[in-house]
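Just so we're clear, the structure is a prediction, and the values are computed from it rather than from any experiment.
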Protein chains: 2
Amino acid sequence: MKQKRRAVVLVAHGSRLEAANEEVRQVAARLEERLETPVVAAFLELAAPDIPTGIDLALAKSPREILVLPYFLTQGRHVQEDIGAPLAAKARAYPETSIRLLDYLGKDGALVELLAERLGKVT
Amino acid sequence: MKQKRRAVVLVAHGSRLEAANEEVRQVAARLEERLETPVVAAFLELAAPDIPTGIDLALAKSPREILVLPYFLTQGRHVQEDIGAPLAAKARAYPETSIRLLDYLGKDGALVELLAERLGKVT
């Protein structure tokens, strides 16, 4: 992905338990290393940075495109509205950068295969 | 896994949005088909069946072992206490069946690879 000057924002719900937020940040850091592309963790509530700040942090990397990946297992108001609205505002403010909301993680059919492999390894 | 007479309980948080609960049930159904092992979806709150009922549904399959997999991306009170307590009660009531709580989904390092592949496919 590096050649496309992309950045990724991994959006999670956010938790009162700071260790849970730290887990999301660590997933973002491992993903950044794996993709060689900037990956920022951002949170809907209860943790920092929030989504607008997360987009600003991604914009600071001067990407041509920002991919926003909701780190959620199921759909709901959160993914549809609470993430979409701040993204639309940022897209209006920065028309030269494409800001794309991807499907949330739970929609990925490969998750079932990951679960099956884990269960198959339990001895 | 079939030869070990196992059953799986996939425990999710539960949502006010029934479509979100239905997504979890569909993951359980696809997993059951993939593993050829009974897989029951159960919910901490807001949806049915609850965890004790989910364990009962799994016990009805006469397994020697029940694997409980928390369908959560991050740790927290939910995984540690709210799932552990009803499991411990069921384990006391049914000592002839092994009931094992596995790590929650988010702890699986393979998730990063899944996310990386998804992002790599975005054109």
Let me confirm one number: the [atom1]-[atom2] distance from [X] to [Y], rounded to the nearest 0.5 Å.
{"X": "B:L10", "Y": "A:L115", "atom1": "CG", "atom2": "CG", "value": "6.5 Å"}
{"X": "A:L67", "Y": "B:R118", "atom1": "CG", "atom2": "CZ", "value": "10.0 Å"}
{"X": "B:L105", "Y": "A:L111", "atom1": "CG", "atom2": "CG", "value": "6.0 Å"}

So which part of [X] gets closer than 4.5 Å to some heavy atom of chain B, the side chain, the backbone, both or neither?
{"X": "A:F72", "answer": "backbone"}
{"X": "A:E113", "answer": "side chain"}
{"X": "A:E23", "answer": "side chain"}
{"X": "A:L69", "answer": "side chain"}

Okay, B:R100 and chain A: the region with an atom under 4.5 Å from a heavy atom over there is side chain
- Given that the side chain runs from C-beta out, which part of B:R30 has a heavy atom under 4.5 Å from chain A: side chain, backbone, both or neither?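 Contact with chain A involves both backbone and side-chain atoms of B:R30.
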In one Ile/Leu/Val/Met/Phe/Trp/Tyr side-chain cluster, 4.5 Å: B:L46, B:V9: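 B:L46 does not cluster with B:V9.
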>> Would a single hydrophobic cluster contain both B:L17 and B:F43, if residues Ile, Leu, Val, Met, Phe, Trp and Tyr are joined by side-chain heavy-atom contacts under 4.5 Å?
In response: no
(Q) Heavy-atom pairs under 4.5 Å with chain B: which of A:T74, A:D108, A:D103, A:L73 has the most? (A)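 The answer is A:L73.
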Enclosure of A:E33 CD (heavy-atom neighbours >12, cutoff 6.0 Å):
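For A:E33, atom CD is not crowded (no more than 12 foreign heavy atoms under 6.0 Å).
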Problem - Top contributor to chain A contacts, counting heavy-atom pairs under 4.5 Å, from B:R16, B:R34, B:E117, B:K107 - result: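 Most heavy-atom pairs under 4.5 Å with chain A: B:R34.
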Check: Considering only heavy atoms from C-beta outward, does the side chain of A:T37 approach that of B:L119 to under 4.5 Å?
Finding: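 Heavy-atom side-chain distance check fails, nothing below 4.5 Å.
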